[in-house]
Engineer: 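Quick one: the structure is below, questions incoming.
Residue indices begin at 1 and follow the sequence shown. Computed from a prediction, not measured in an experiment: that's the story for all the values here.
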Amino acid sequence: MLGKLLAAEPVEVVESFGDPAQPPELFPEEAAHVANAVDKRRREFATVRHCARTALAALGGPRAPLLPGERGAPGWPAGFVGSLTHCDGYRAAAVARREAVAGLGIDAEPDEPLRDPGVLDLISLPEERPRLRRLAAVHPEVCWERLLFSAKESVYKVWYPLTGKWLDFEEAALDFDPAAGTFTARLLVPGPVVDGVRHDAFTGRWLAQDGLLVTAITLPRGR
């Protein structure tokens, strides 16, 4: 899944299609964070952090607690960037060295319609809706509205660690290329400045497979 999207990038991806019978061990501070959560939440929390630590180890990174910070963004060891995602039947982590990658955003969603049709008006711009309808007419096998949601989640996961600011769904305009499996996110607010360069758009990849939708954005250094 995400490994296919990020195979050409300086990124380590570890995935799990469910939770092991014995939940992976957590650091005490991580266990305390989910102590009052339901069992499903504790299991997915542990599995996705096991994925992240496996990816970090492959890059020579330390074994360390990965605690959610403000707005839920996980904290990463110095010198590393990463992104986590989980949905029913899927957990994944993507990690890279900060010297090679400025930002990472990944997201996975079920390839199913949005539970509430009214959500589309909350997550999309007027200019995006007719494009989604045209895509659905030609490629009805993909739930494009849900894919839009996933891609905007990936945009936010790149944006927030670089800016420390909230980004509304309506502050990024997305356009999908179904043939290439890519998308472009045009930021409607000033983009983050990385290494002296302002980024007013992100380019990502997407995949629909095995009942899942996955999206990923890598913002390399020096581009």
Side-chain angles (χ1 to χ4, degrees), residues 1-17 44 47-56 58-59 61 66 72-74 76 80-98 100-112 123 128 135 139 142-163 167 169 172-187 191-192 194 199-223:
M1 298 293 292
L2 280 163
K4 291 182 179 180
L5 298 187
L6 297 173
E9 304 288 353
V11 178
E12 190 71 26
V13 177
V14 177
E15 304 166 296
S16 176
F17 291 86
E44 67 186 19
T47 301
V48 79
R49 274 155 181 78
H50 176 71
C51 292
R53 278 190 269 274
T54 303
L56 276 166
L59 294 171
L66 303 172
W76 296 94
F80 294 88
V81 296
S83 185
L84 306 177
T85 188
H86 54 77
C87 68
D88 285 347
Y90 186 74
R91 291 88 172 86
V95 183
R97 289 187 172 275
R98 191 175 295 276
V101 173
L104 267 173
I106 63 172
D107 189 74
E109 299 288 333
D111 192 359
E112 301 171 355
I123 67 170
E128 294 171 322
L135 287 167
H139 301 281
V142 177
C143 289
W144 293 97
E145 296 173 359
R146 179 80 77 154
L147 185 64
L148 178 75
F149 176 82
S150 177
K152 290 200 175 186
E153 286 290 297
S154 287
V155 169
Y156 179 77
K157 290 177 182 181
V158 175
W159 162 273
Y160 183 76
L162 292 173
T163 66
L167 184 72
F169 285 107
L174 269 64
D175 199 5
F176 293 94
D177 184 334
T182 60
F183 65 90
T184 300
R186 177 170 50 88
L187 299 173
V194 178
H199 293 265
D200 290 320
F202 299 149
T203 299
R205 299 184 180 92
W206 66 270
L207 180 67
Q209 182 178 304
D210 299 330
L212 293 170
L213 301 168
V214 292
T215 58
I217 299 171
T218 305
L219 186 62
R221 295 280 182 186
R223 179 176 297 177

Engineer: May I ask you to check whether over 12 heavy atoms, not counting those of His86, lie within 6.0 Å of atom NE2?
Structural biologist: yes
Engineer: Mind checking what makes side chain to side chain contact (heavy atoms under 4.5 Å, CB included) contact with Glu109, not counting sequence neighbours?
Structural biologist: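 By the side chain to side chain contact (heavy atoms under 4.5 Å, CB included) rule, Glu109 matches Asp107, Arg146, Phe149, Ser150.
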Engineer: Would the distance check show the side chain of Arg205 and the main-chain N or O of Leu6 forming a donor-acceptor pair, the cut-off being under 3.5 Å?
Structural biologist: no
Engineer: For Gly191 and Trp159, which heavy atoms make the closest approach, and how far apart are they?
Structural biologist: CA-CZ3, 4.1 Å
Engineer: What distance separates Glu15 CD from Thr47 OG1, expressed to the nearest 0.5 Å?
Structural biologist: 13.5 Å
Engineer: What's the spacing between Ser154 OG and Leu2 CG if we round to 0.5 Å?
Structural biologist: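 Between atom OG of Ser154 and atom CG of Leu2 there are 8.0 Å.
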Engineer: Can you label the angle between the Trp206 ring and the Trp144 ring as parallel, tilted or perpendicular, going by 30° and 60°?
Structural biologist: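 Because their plane-to-plane angle is over 60°, the rings of Trp206 and Trp144 count as perpendicular.
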Engineer: As a quick check of understanding, evaluate side chain to side chain contact (heavy atoms under 4.5 Å, CB included) for Val101 and Glu9, giving each step before the final call.
Structural biologist: CA-CA 9 Å; Val101 173; Glu9 304 288 353; over 6 Å; no
Engineer: Check this for me: Asp88, atom CG, are more than 12 non-hydrogen atoms of other residues, nucleotides or ligands nearer than 6.0 Å?
Structural biologist: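 Count not over threshold, so no.
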Engineer: Got a second to check how far Phe169's CZ is from Leu174's CG, nearest 0.5 Å?
Structural biologist: 11.0 Å
Engineer: Which distance, rounded to the nearest 0.5 Å, do you find between the NZ of Lys152 and the CZ of Phe183?
Structural biologist: 11.0 Å
Engineer: Would you name the heavy atoms of Met1 and Gln209 that are closest together and state the gap between them?
Structural biologist: CE-O, 3.6 Å
Engineer: Give the minimum heavy-atom separation between Pro110 and Leu213, together with the two atoms involved.
Structural biologist: O-CD1, 4.0 Å
Engineer: Mind listing the closest non-hydrogen atom pair of Arg49 and Leu66 along with its distance?
Structural biologist: NE-O, 2.6 Å
Engineer: Given Tyr90 and Val214, is the side chain to side chain contact (heavy atoms under 4.5 Å, CB included) satisfied, shown in steps?
Structural biologist: CA-CA 10 Å; Tyr90 186 74; Val214 292; 4.2 Å; yes
Engineer: Judged by atom type as modelled, is there a donor-acceptor pair below 3.5 Å linking the side chain of Asp111 to the main-chain atoms of Cys143?
Structural biologist: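 Yes, the answer is positive, given that a donor and an acceptor are paired below the 3.5 Å cut-off.
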Engineer: Can you name the nearest heavy-atom pair linking Cys87 to Ala108, along with the distance?
Structural biologist: CB-O, 3.7 Å
Engineer: Show the numbers, then the answer: is there a side chain to side chain contact (heavy atoms under 4.5 Å, CB included) between Leu147 and Thr215?
Structural biologist: CA-CA 8 Å; Leu147 185 64; Thr215 58; 3.7 Å; yes
Engineer: Of the non-hydrogen atoms in Val81 and Leu104, which two are nearest, and what is the gap between them?
Structural biologist: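 That closest heavy-atom pairing would be O-CD1, 4.0 Å.
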Engineer: CD of Glu145 to CD1 of Ile123: how many Å apart, nearest 0.5 Å?
Structural biologist: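 The distance works out to 7.5 Å.
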Engineer: Under 3.5 Å, side chain of Lys157 to main-chain N/O of Leu84, donor-acceptor pair present?
Structural biologist: yes
Engineer: Output the distance between atom CD1 (Ile217) and atom CG (Leu5), rounded to the nearest 0.5 Å.
Structural biologist: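 The CG atom of Leu5 is 11.0 Å from CD1 of Ile217, to the nearest 0.5 Å.
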Engineer: For Ser16, what residues pass the side-chain hydrogen bond (donor to acceptor under 3.5 Å, both in side chains) criterion, not counting sequence neighbours?
Structural biologist: none
Engineer: Walk me through it: do Leu187 and Leu167 pass the test side chain to side chain contact (heavy atoms under 4.5 Å, CB included)?
Structural biologist: CA-CA 9 Å; Leu187 299 173; Leu167 184 72; 4.2 Å; yes
